[in-house]
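Read the structure below first, then the notes.
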Amino acid sequence: DHQVLRWMGVRGAKPMAEPAFESVVRLWCVSDIHTDIKENLQWVKRLSDTEYLNDALIVAGDVSDSMDTLELTLATLKRKYADVFFVPGNHDLWTDDVDSIS
C-alpha cells in the first residue's frame, strides 16, 4: 500500500503494480486409483501430456499393491504434472514385492 510505504519512510514511494501471472497453478488430488486394474492404469496414461504441466497433484494412497505398477504410475504422473506428492495407502504399504522394501 502506498500509504504504508510512506509511513515506513520510503520517499517517492509509488504503488506497486499487480503481479502479472502467466498462468495459474492448480492443485489436484486423487486417491484409490488402483492402477493394478488395467482400465485404471490406462486412464492415467490417457491423461493429457500438456494440460497439467504447470499443476501439482496429490496422490492420496491406494495406487497399487505391486511395486512395479506403483513406480510406473507415479513416473507416468510425474511426466504429466509439474509436481506429484504421494502419500501411501494400505494397498501401497502391503506391496507384493518384498525384496524392494528395505
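Residue numbers count from 1 along this sequence.
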Does Tyr52 share a hydrophobic cluster with Leu74, counting links as ILVMFWY side-chain heavy atoms below 4.5 Å and allowing steps through other members?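 Linked, Tyr52 and Leu74 end up in one cluster.
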Hydrophobic clustering (ILVMFWY, side-chain heavy atoms < 4.5 Å, transitive) - are Leu57 and Leu47 grouped together?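 Same hydrophobic cluster.
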Check whether [X] reaches the backbone of [Y] with its side chain - one donor and one acceptor, N or O, closer than 3.5 Å.
{"X": "Asp92", "Y": "Ser64", "value": "yes"}
{"X": "Lys80", "Y": "Leu53", "value": "no"}
{"X": "Asp62", "Y": "Asn90", "value": "yes"}

Compare all side-chain heavy atoms of Leu70 with those of Phe86 and state whether any distance is below 4.5 angstrom. yes
May I ask you to test the Val44-Leu77 pair for a side-chain heavy-atom distance under 4.5 Å?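 Yes - at least one pair of side-chain heavy atoms lies under 4.5 Å apart.
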Suppose we screen for side chain to side chain contact (heavy atoms under 4.5 Å, CB included). Which residues come up paired with Leu72, at least two apart in sequence or across chains? Leu41, Lys45, Thr76
Without placing hydrogens or testing angles, list every side-chain donor-acceptor pair under 3.5 Å for residues 24-34, not counting sequence neighbours.
{"from": "Arg26", "atom 1": "NE", "to": "Asp55", "atom 2": "OD2", "distance (Å)": "2.9"}
{"from": "Arg26", "atom 1": "NH2", "to": "Glu51", "atom 2": "O", "distance (Å)": "3.1"}
{"from": "Arg26", "atom 1": "NH2", "to": "Asp55", "atom 2": "OD2", "distance (Å)": "2.8"}
{"from": "Trp28", "atom 1": "NE1", "to": "Asp55", "atom 2": "OD2", "distance (Å)": "3.1"}

One pair to check against side chain to side chain contact (heavy atoms under 4.5 Å, CB included): Tyr81 and Asp83. What are the steps and the verdict? CA-CA 5 Å; Tyr81 290 84; Asp83 294 296; over 6 Å; no
Got a second to check how far Ile58's CD1 is from Phe85's CZ, nearest 0.5 Å? 7.5 Å
Measuring from Asp68:CG to Asp36:CG, what's the distance to the nearest 0.5 Å? 12.0 Å
